[in-house]
2 protein chains.
Amino acid sequence: MGTLPISDEIEMCFPVFFSLKDWERSQKVADLSTIEEIAKKAGVSRSTVSRVINDDPNVNEQTRERVLEVVNSNNYVPNRAARKLAGGRTGVIGLVIPIGVSRLFVEPFFPILIQSVTNRCNQVNRSVMFWLGEPEYERRSITQILSNDLLDGVIVSSLKDQDPIVAALHRSQIPFVLIGRYRDLPVNFVDIDNEKCAQMAVNYLLQTGRKRIATITGVADTMVSRERLDGYRATLAKAGFKVDDNLIAEGGFVEEGGYAAMAKIFPHKPDAVFATNDAMAVGAIRFLREQGVRVPEDVGVVGFDDAPFAASYKPSLTTIAQPIGDLGRRAVDMLVNVIEQQPNDVMNEIFASDLIIRESA
Amino acid sequence: MGTLPISDEIEMCFPVFFSLKDWERSQKVADLSTIEEIAKKAGVSRSTVSRVINDDPNVNEQTRERVLEVVNSNNYVPNRAARKLAGGRTGVIGLVIPIGVSRLFVEPFFPILIQSVTNRCNQVNRSVMFWLGEPEYERRSITQILSNDLLDGVIVSSLKDQDPIVAALHRSQIPFVLIGRYRDLPVNFVDIDNEKCAQMAVNYLLQTGRKRIATITGVADTMVSRERLDGYRATLAKAGFKVDDNLIAEGGFVEEGGYAAMAKIFPHKPDAVFATNDAMAVGAIRFLREQGVRVPEDVGVVGFDDAPFAASYKPSLTTIAQPIGDLGRRAVDMLVNVIEQQPNDVMNEIFASDLIIRESA
DNA sequence: TCAGATATTGGGAGCGTTCCCATTCTAAAG
DNA sequence: CTTTAGAATGGGAACGCTCCCAATATCTGA
């Protein structure tokens, strides 16, 4: 193994220059761009145009049509900065995901979430402003987000316990919705019932006759990991099994972590593993394979997420399917509602998940 | 309804509704929020504060320090909407990726790109506004992006040929940079040399004695696919081989597509495949395996991207490593430069890539 | 010592909206 | 025919910033 540099002539970083000016001049756009110009052209006042574009009912129907006509034919779109400044809304929603690269691309959760949030925002005519958190995002980013003044509201996913960002958002008065619950403050959130999911997974393994069920947890200090672990413990206990801490290891939600966790657990003779996401399930299976252990015959593996690769993997993964798209969409709807209605009470919504039975357990 | 005990005690999962108002009132933040307030507190004028926060050199050093002191101790951040309206910049950069879900999560290219763009933007104190394109993004999104007025500039990746968005951006006068080149107009872009990459891959296969080298292309109508195919053709021709069109199939950059393409190619007895991304390489290998064909002994496979899974896959993937992070970072730097310097000429930059030799070929 | 720079500072005028209040118009009621 | 509520419209005043120009303070050299 090794790297091969580009063999023949290596050309890096060569700048090329063209002059654009002439071409640009000839292409100049001529749309009317301010509300005042539209007003003049429609023969009404600024205020009336404002009413029309904001769906105020106090406008004569004919006037409305005339204005709309001018608005459309001139491709007029109100200036968001001005709108915001004048006390209105920008139509921009922030999406904050404070995790590092490694998880972002191993876990299918995030692309699906991002996509569903983005799509729903498009549907309800909003733009998404995006933050991926670096480790030290606590420092600058929070204040940036909050004081950003361009955002109507914020959706936050994948928080750690006691994440300062929640308190900051809370204090800031900016409307926000969490994806995943938060226990220290009453906040708006959407979530799945992680304990119940773990219960489904473990119960299924028990039903299929497994006796020594291990679990690979995600990232410490997160609700989601804790809840899944609690569910695992509770279900085993309820079934009359003693929980063996040797059968519990942390995998950080990544494939390598799953592999390593399985290596730690393996000497303690598990006959099944509940990996709390699919990436770690794959890592665990990779380890088991290397040991010559058969899946599911010798050790059954259940994953979590129903990642796109789960169905085509060999063996295909038995896993818990979270309605990620629903979470994202609902978070957007909830946030829009908060922004527009400013309700006094917080809203929560818990989605159901399914156990998808395939080959791995 | 009721008071909310906020103490060191941990509150358990809240049921659905609470009234936040009282609590919020008591927590009201008291930071000064306008430039005028800061000015008053620092004993200077609005203008002087403005100069300080915009690094204008025409400020007395002691005055600057005094103002900065007040700014920092009050967590003052200028209002972006106001700033923009007054003719300044918002510090927000748009990132547009007009592709659907399926590719977004199969191709590691995107998460890495997103991450690198986002990180660099953080570094240079900018926010990222994010668009994932739906199929019909051409319609509304473009005008939204352009007329958005909140963006200082835009980075666009993964365009199709003749993508209307380019012409629209061009016309709009908004600063923008493409990731991947565009031939119909002189525009700013960063890219890799796809032809040369293909050349590296094919040459390597030739060097290892392969005689019937196939290729799996990506998405038709894209520069990147065409260039890689051109490179494939040219290299074979240069080596004195005739190009057999039966050995060329389209895979759409996704795993399933790679599988299907391999199925089409297989009857024509290839002894090697250059898959133009790793996802398709994996798909191809899956097909070959199912046919009982050994990789690399019977058929060698070269991928593209050096996806995170490429190294740990069995067999580990020989692949082309694009400097995706460099592309993203450079795109940001270039855009910032365009925004601030408004140069007359367009800038291009081509990055070198490496062939990473592993087990699959 | 004083004109003439030069360094520093202050304040007015917008930027394009929305909100609020005043005004005009209309139609129904007295 | 006048009165009046209500519908429809117009225009001033913000919102918080940057830009520009004018005003003041300080410094230079003859």
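Numbers restart at 1 for each chain; the letters A, B, ... are given by sequence-line order, proteins then strands.
Applying the salt bridge (charged side-chain N to carboxylate O under 4.0 Å, His left out) rule to pairs touching residues 328-343 of chain B yields B:R120-B:D333, B:R126-B:E340, B:D326-B:R329, B:R330-B:E349, sequence neighbours excluded. The stretch residues 42-61 of chain A participates, sequence neighbours left out, in these salt bridge (charged side-chain N to carboxylate O under 4.0 Å, His left out) pairs: A:E36-A:R46, A:E61-A:R64.
Heavy-atom contacts of chain B under 4.0 Å fall on DNA chain C between two terminal nucleotides, which in 5' to 3' order are C:dT8 to C:dG16.
With rounding to the nearest 0.5 angstrom, the OG atom of A:S33 is 9.0 Å from the CG atom of A:N79.
Straight-line distance from the CZ atom of A:R64 to the P atom of D:dA7: 14 Å, rounded to whole Å.
Considering all non-hydrogen atoms of both residues, A:L159 and A:P98 come closest at CD2-CG, 4.5 Å. B:N188 approaches B:V338 most closely through the heavy-atom pair ND2-CG2, 4.0 Å. When every heavy atom of A:P186 is checked against every heavy atom of A:H170, the shortest pair comes out as O-NE2, 3.7 Å. A pairwise comparison of heavy atoms in B:L85 and A:A82 identifies CD1-CB, 3.6 Å as the closest pair. Between A:K160 and A:Y182, the closest heavy-atom pair is O-CE1, 4.2 Å.
Residues passing the side-chain hydrogen bond (donor to acceptor under 3.5 Å, both in side chains) test with B:D184, sequence neighbours excluded: B:Q162.
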- line: Counting primed atoms, P, OP1 and OP2 as sugar-phosphate and everything else as base, the B/S/- map of nucleotides 12-20 of chain D against protein heavy atoms under 4.0 Å is BB-BBBBBB

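Note on the helix from C:dT1-D:dA30 to C:dG30-D:dC1: angle between the axes of the first and last five pairs equals 50°, rounded to 10 degrees.
Between B:R89 and B:D152 no salt bridge is recorded (no basic side-chain N to carboxylate O distance below 4.0 Å).
Counting non-hydrogen atoms under 4.0 angstrom, A:N60 reaches the backbone sugars and phosphates but no base.
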